[in-house]
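Order of the sequence lines fixes the chain letters, A, B, ..., with proteins taken first and strands second; residue numbering starts at 1 for each chain.
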There are 2 protein chains.
Amino acid sequence: MSAREHIQRRPTMAAQVAEKVAADIKRGRYQVGEIVPSEAQMEQMYGVGKATIRTAMAELKHMGLIETRQGKGSIVISTGGAVPPVTISRAIQRNGKGSWFLPEMTEAEAPAITRTSLDGPPAVHLDQQDQDAISVDRMVYDPNTGTRMAHRTLIPLATAAVAPSLAEAPEAPTSEIYDQLTQAGFTLSFTEFVTARAPFPDERMALGLDDAAPLLIAYRVTADAEHDRPLLCEEVRAPAATCQLAFSLAPTRTPAKRSTRRRSESA
Amino acid sequence: MSAREHIQRRPTMAAQVAEKVAADIKRGRYQVGEIVPSEAQMEQMYGVGKATIRTAMAELKHMGLIETRQGKGSIVISTGGAVPPVTISRAIQRNGKGSWFLPEMTEAEAPAITRTSLDGPPAVHLDQQDQDAISVDRMVYDPNTGTRMAHRTLIPLATAAVAPSLAEAPEAPTSEIYDQLTQAGFTLSFTEFVTARAPFPDERMALGLDDAAPLLIAYRVTADAEHDRPLLCEEVRAPAATCQLAFSLAPTRTPAKRSTRRRSESA
DNA sequence: TATCATTTGTTCGTATGTATC
DNA sequence: CGATACATACGAACAAATGAT
């Protein structure tokens with residue numbers, strides 16, 4: 001058992017160990033749900049120090065292949081080629097009478113309503129830097145898997161001014177928010193922006209993320225189609241390791257004229 | 001200068017240092033583009049060991065706040081509340097005559113055409129596990145920022161069989177692929193799935209990612225709307241630290257009947 | 001061009017804390 | 001309680017890149 005498996009030092013040894021273990025997982029040498037050899041065993045297997053093994057294991061955690069549990073071991077949770085188990089539909093539906101329907105989400109707690117100053121991406125997307133807004137924060141989860149997601153609705157006071165019913169019940173379901181904007185005379189259009197990053201410490205707490213897997217972040221901007229004026233911004237944050245977002249894309253009719261809205265403001 | 005700044009030990013000391021530095025960056029104590037104190041200096045500042053500082057810096061790298069360069073130092077690249085500089089439009093447009101228009105992308109190299117066996121998410125989305133397909137790989141980049149993205153088009157042989165022109169020129173622009181599918185009699189519908197994860201070593205190489213920032217991954221599935229049969233799958237991989245995907249959402253008309261296509265197959 | 005101080009990257013060893021069984 | 005295993009932290013050494021001398 002102590003024949004050290006062949007690794008040289010070209011990239012880093014930690015990277016080589018990580019790649020080796022990842023390959024072993026993909027090949028099925030380590031099965032999903034099983035525990036890989038302990039760190040001490042791997043030190044012997046590969047003839048490297050503890051720090052090297054820990055770096056390799058950290059990389060495997062980030063790639064979403066394993067999950068480490070203190071006192072127990074490192075468990076294989078994916079072979080790397082799997083579809084995330086939770087699909088979050090971002091579909092927007094509307095019936096003949098003009099009412100809106102959105103995929104349902106289960107709330108984990110009562111929504112928290114606060115007054116905030118717009119900042120960061122929402123402020124940019126709403127084009128209302130430092131303006132005030134009503135923020136409705138919800139913790140949502142998938143009943144099947146228990147995966148938690150954070151949902152935030154930002155209603156600028158400027159929007160509440162032209163649709164006063166929003167300020168009265170900002171915690172209403174999103175479909176009702178859309179209904180009220182429609183009744184206020186707006187023709188709604190939606191644009192969604194998606195990116196990802198590692199979670200901040202407070203986000204790891206709130207979402208119950210044990211590992212260091214990235215966070216999927218989506219901003220849905222609801223605008224008045226007539227004047228291209230942004231009215232509302234919703235933010236969703238979900239663990240990327242277990243979630244994927246689903247969009248139904250409808251081709252837009254366009255004459256030969258090129259109207260590609262490009263925003264490449266290099267920071 | 002050696003007055004150690006106050007930190008206790010309740011979360012981890014590394015996490016506290018990371019949070020402290022992140023707060024300092026957000027507050028503007030360390031400006032974007034500037035170099036934060038060296039690791040040796042931080043050891044003195046906080047009275048902790050080198051490993052602790054390195055763990056903290058690694059966390060900041062994952063959050064996309066700093067970039068470290070050997071021999072130079074750690075540079076602040078973002079305050080954390082910024083919109084990614086590169087916006088990748090996923091819009092699909094069509095003119096009156098039925099031709100398709102897609103946002104243009106600049107190719108870094110000639111496309112690589114290979115024959116592969118479908119596996120992983122594309123196989124699931126195309127519902128063609130282990131079937132053969134033509135794979136067209138492109139390396140694309142944003143001229144403004146130089147950000148590189150990987151693009152892959154997967155044409156199942158089953159689809160090439162019903163639209164033979166695809167196999168003759170699989171490296172054609174995507175809009176022409178859509179044109180040919182339309183001419184073959186299909187009514188196209190599109191669904192996009194988005195997730196993220198840490199890149200594998202080979203992906204870091206190909207995309208030129210220095211740090212450990214996550215990778216945004218999107219699969220666009222083109223289907224025949226009449227029979228709900230998947231025809232084509234495109235995959236885009238882009239560094240999430242600098243990119244966001246943009247979707248224009250069109251509400252679909254729906255009667256009262258609930259037709260939410262749900263896929264929560266718990267792995 | 002060559003050298004050198006600075007700074008991060010990698011690796012090792014060791015010790016202690018803490019969760020699991 | 002004790003053995004196992006991961007988590008955290010300290011210290012030390014050398015490698016490699018950078019920039020100034």
- request: Under the side chain to side chain contact (heavy atoms under 4.5 Å, CB included) rule, what do Met105(A) and Ile88(A) come out as? Steps first, then yes or no, please.
  value: CA-CA 9 Å; Met105(A) 292 195 162; Ile88(A) 305 169; 3.8 Å; yes
- prompt: When you match Ile53(A) and Lys72(B) each to their closest nucleotide on DNA chain C, which lands nearer the 5' end?
  reply: Lys72(B)
message: So, does Thr52(A) get its side chain near the phosphate of dC12(C), meaning an N or O under 4.0 Å from OP1 or OP2?
response: yes
task: Just compare dT8(D), dC12(C), dC10(D) and give me whichever is closest to any side-chain atom of Ala51(A).
output: dC12(C)
Which side-chain N or O atoms in residues 113-124 of chain B pair as donor and acceptor under 3.5 Å with protein atoms at least two apart or in another chain?
| residue | atom | partner | partner atom | Å |
| --- | --- | --- | --- | --- |
| Ser117(B) | OG | Asp130(B) | O | 3.4 |
| Asp119(B) | OD1 | Gln129(B) | NE2 | 3.4 |

field: Interatomic distance where CD1 belongs to Ile35(B) and C1' belongs to dA17(D) [whole Å]
entry: 13 Å
message: Could you tell me how far apart Glu39(A) (CD) and dG13(C) (P) are, to the nearest whole angstrom?
response: 15 Å
- request: Sort out the partner of dT3(C) for me: Watson-Crick or G-U wobble, both distances under 3.5 Å, none otherwise.
  value: dA20(D)
query: What is the distance from CE of Met42(A) to P of dT4(D), rounded to the nearest Å?
result: 18 Å
- prompt: So what does Arg54(B) hit on the nucleic acid, given a heavy-atom distance under 4.0 Å: a base, only sugar-phosphate, or nothing?
  reply: base
message: Determine whether a donor-acceptor pair (one donor, one acceptor, N or O, separation below 3.5 Å) exists between the side chain of Gln70(A) and the base of dG17(C).
response: yes
- request: Side chain of Lys61(B) only, please: which of dT11(C), dA9(D), dG9(C) is the nearest?
  value: dG9(C)
field: Side chain proximity check, Val21(A) to Tyr46(A), heavy atoms < 4.5 angstrom
entry: yes
message: Please determine whether a side-chain nitrogen of the Lys or Arg among Glu109(B) and Arg148(B) lies less than 4.0 Å from a carboxylate oxygen of the Asp or Glu.
response: yes
- request: Can you tell me the distance, in whole Å, between the CD atom of Gln41(B) and the P atom of dT7(C)?
  value: 6 Å
message: Rounding to an integer number of Å, can you tell me how far Arg204(B) CZ sits from dG9(C) C1'?
response: 14 Å
- prompt: Is the phosphate of dA7(D), meaning OP1 or OP2, less than 4.0 Å from a side-chain N or O of Thr68(A)?
  reply: yes
message: Tell me the interatomic distance from Met57(A), atom CE, to dC6(D), atom C1', rounded to whole angstroms.
response: 10 Å
- prompt: Could you state the CD-P distance from Glu43(B) to dA9(D), rounded to the nearest angstrom?
  reply: 14 Å
field: Closest non-hydrogen atom pair between Ala241(A) and Ala213(A), with its separation
entry: CB-CB, 3.8 Å
message: So Gly49(B), base contact, sugar-phosphate only, or nothing? Heavy-atom distance under 4.0 Å.
response: sugar-phosphate
Most 5' of Lys50(A) and Ala14(A) on DNA chain C, judged by nearest nucleotide: Ala14(A)
- prompt: Taking atom P of dT8(D) as reference, at what distance in whole Å does atom OH of Tyr46(B) sit?
  reply: 19 Å
